[in-house]
Structure formats: structure tokens, C-alpha cells
Amino acid sequence: MRSISAHFLEMPLDYLIAPTFPFNPALQVLLVALDHYLLSLYPDDTNHLLTLEALRDPTLTFWLAQNRHTGQPLGCVALRTIAPQTGEVKRLYVIPAARGQGIGVQLMQVLEQRARSQGLKHLQLETGELLAPSVRLYERCGFRPCGRFGNYPDDPRSLFLEKWF
């Protein structure tokens, strides 16, 4: 079992971001909400949902944003190492009521900081064409279009982005 640092990144607003385990119940609430949202937009066969097996991947690290007063889960993101110097951004999600507070950007900054500390120099991600607000957030974070990577199928609804640092 991986150890999770007791340190967390305190945010200036009413939330904090901390690393978490994949089966943390608060994280699971967000992952289920994200899956339901994606399944409402895209056909089952084009969704790339995380399986239980994938959640056990030792190269996958999650962060959870929670309200610092109530503990309510607000957002999450994951980093998966896919090559010696490349990571993949997975499962970025912020609940609708918490959007517009900078949580998504903060989650991406925490993820990038961790990627750099692991010696990664390149981040990639797959998202969907119907997720325009997410694409704008990724672009604000410095991601640019790239070609398909990994085992993702050739699907016109998928968008692939990357960032080098």
C-alpha cells in the first residue's frame, strides 16, 4: 500500500487539496459523479472510465479538494506515469457548485508540481470535444493539441492535449 504524505497544500479560499487513496469514500463520490456526467454525454463504448483494476495501478496518484470546514469533496485529479518522463492527467473533476473558484487550476498546479518532482517533463491527457470548459482550463494551464497516444481508440470525439516543461 502506498503511503500518503501528511502534508497538504492549503488554499487561500475555503478548500484544501491533499493527496488521497483511490478508494477514499470522498474521492469515490466524485469519481461516480464524473462517470455519470460522462455517460450522459458520450456512448458507453467511447468513455474511458477507470476500472477497479485501474484504480489499483501503483503509478496512479490522486488529489482531493475538500471544503476545509465541512470536508465536502469539491474536486479531484490524478496523475498516472505512462513512460519514464511522461505522465497522464486523469479524472479532473470539480462539482458544479464549486466551479469558478479556481479549484480546477489549483488541482492542475498540484499535479504539475508532483510531476516535476518525479522527474517528468511531459504531460498528456485525453478529453472530449463536448467538454469545452475543461478544454479551456487545460489550455489556460499551458496544454496544446497533440496526436493520439497510448491505447486510446481513434475517435473523432476525443481531443488529445500535452504540455512540456
Side-chain angles (χ1 to χ4, degrees), residues 2 4-5 7-20 22 27 30-31 33-35 37-38 41-42 46-50 54-55 57-68 73-165:
R2 292 178 287 168
I4 295 293
S5 169
H7 295 84
F8 55 85
L9 179 60
E10 291 198 35
M11 310 287 43
L13 298 175
D14 285 339
Y15 60 91
L16 57 88
I17 295 174
T20 192
L27 175 66
L30 295 172
L31 295 178
L34 175 57
D35 287 352
Y37 178 62
L38 292 174
L41 295 176
Y42 299 101
T46 64
N47 270 295
H48 310 293
L49 309 178
L50 288 179
L55 287 171
D57 181 346
T59 70
L60 189 66
T61 304
F62 280 94
W63 288 269
L64 177 65
Q66 292 180 277
N67 180 293
R68 74 171 64 241
L74 303 173
C76 62
V77 71
L79 172 65
R80 183 171 70 105
T81 303
I82 58 175
Q85 295 188 336
T86 302
E88 182 179 8
V89 178
K90 303 288 289 179
R91 312 311 286 169
L92 178 65
Y93 181 69
V94 176
I95 64 170
R99 293 179 186 160
Q101 298 179 40
I103 295 171
V105 170
Q106 291 291 331
L107 284 163
M108 290 298 292
Q109 288 174 347
V110 168
L111 180 141
E112 185 175 328
Q113 183 180 47
R114 174 65 179 264
R116 288 174 187 266
S117 75
Q118 290 180 336
L120 301 180
K121 299 186 181 319
H122 180 224
L123 291 174
Q124 294 179 305
L125 63 89
E126 183 272 342
T127 190
E129 66 178 2
L130 299 177
L131 301 172
S134 297
V135 173
R136 285 192 300 274
L137 180 137
Y138 295 133
E139 289 172 343
R140 283 195 313 272
C141 291
F143 284 79
R144 299 293 172 249
C146 68
R148 184 172 60 86
F149 64 90
N151 294 327
Y152 289 103
D154 191 13
D155 184 339
R157 293 169 285 223
S158 286
L159 300 174
F160 297 93
L161 304 172
E162 68 182 353
K163 180 177 182 176
W164 290 90
F165 43 83

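Within the model, atoms CH2 of W63 and CG of L16 stand 15.0 Å from one another, a figure rounded to the nearest 0.5 Å. One distance of note links CG of L92 with CG of L34; it measures 8.5 Å at 0.5 Å rounding. If you take CG on L123 and CD on E88, they are separated by 10.0 Å, rounding to the nearest 0.5 Å. Taking CZ from R148 and OG from S158, the interatomic distance works out to 9.5 Å, rounded to the nearest 0.5 Å. Distance check, rounded to the nearest 0.5 Å: CD of Q118 to OG1 of T59 gives 9.0 Å. Between L161 atom CG and L125 atom CG the span is 4.5 Å, to the nearest 0.5 Å.
The nearest pair of heavy atoms linking C146 to E162 is CB-CD, 3.4 Å. When all heavy atoms of L64 and P73 are compared, the pair lying nearest together is CD1-CB, 4.1 Å. Counting all heavy atoms, side chain and backbone alike, R114 lies closest to T61 at NH1-CG2, 3.7 Å. Taking each heavy atom of I103 and A65 in turn, the nearest pair found is CG2-CB, 3.7 Å. Residue L60 comes nearest to A78 through the heavy atom pair CD1-CB, 3.8 Å, listed as atom of the first residue, atom of the second, then distance. The minimum heavy-atom distance between L55 and P22, with the atom names listed, is O-CG, 3.3 Å.
Residues N67 and Y15 have side chains not in contact (no heavy-atom distance under 4.5 Å, counting atoms from C-beta outward). V89 has its side chain within reach of M108: a pair of non-hydrogen atoms, C-beta onward, lies under 4.5 Å apart. Looking only at side-chain heavy atoms (C-beta outward), Y138 and R136 stay at 4.5 Å or farther from each other. Y93 places none of its side-chain heavy atoms less than 4.5 Å from the side chain of L31. By the 4.5 Å heavy-atom criterion applied to side chains, T86 and T81 are not counted as neighbours. Put simply, the side chain of L159 does not reach to within 4.5 Å of the side chain of L131, judged on heavy atoms.
In this pair, H48 and Y152 present their aromatic rings perpendicular. The plane angle is above 60°, beyond the 30 to 60° band.
Between R144 and E139, no side-chain nitrogen of the basic residue sits less than 4.0 Å from a carboxylate oxygen of the acidic one, so the salt-bridge criterion is not met. The residues R91 and D35 are annotated as salt-bridged, a charged nitrogen and a carboxylate oxygen being separated by less than 4.0 angstrom. Taking a cutoff of 4.0 Å between a charged side-chain nitrogen and a carboxylate oxygen, R157 and E129 do not qualify as a salt bridge.
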Problem - Residue pair V135, T127: steps toward the side chain to side chain contact (heavy atoms under 4.5 Å, CB included) verdict - result: CA-CA 7 Å; V135 173; T127 190; 3.8 Å; yes

Handout entry: Evaluation steps, side chain to side chain contact (heavy atoms under 4.5 Å, CB included), between L79 and K90
Key = CA-CA 6 Å; L79 172 65; K90 303 288 289 179; over 6 Å; no

Problem - Check against side chain to side chain contact (heavy atoms under 4.5 Å, CB included), F165 and R116 - result: CA-CA 8 Å; F165 43 83; R116 288 174 187 266; 3.1 Å; yes

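Side chain of N47 to backbone of Y42: a donor-acceptor contact under 3.5 angstrom is found. Side-chain atoms of K163 come within 3.5 Å of backbone atoms of C141 as a donor-acceptor pair (strictly under, hydrogens ignored).
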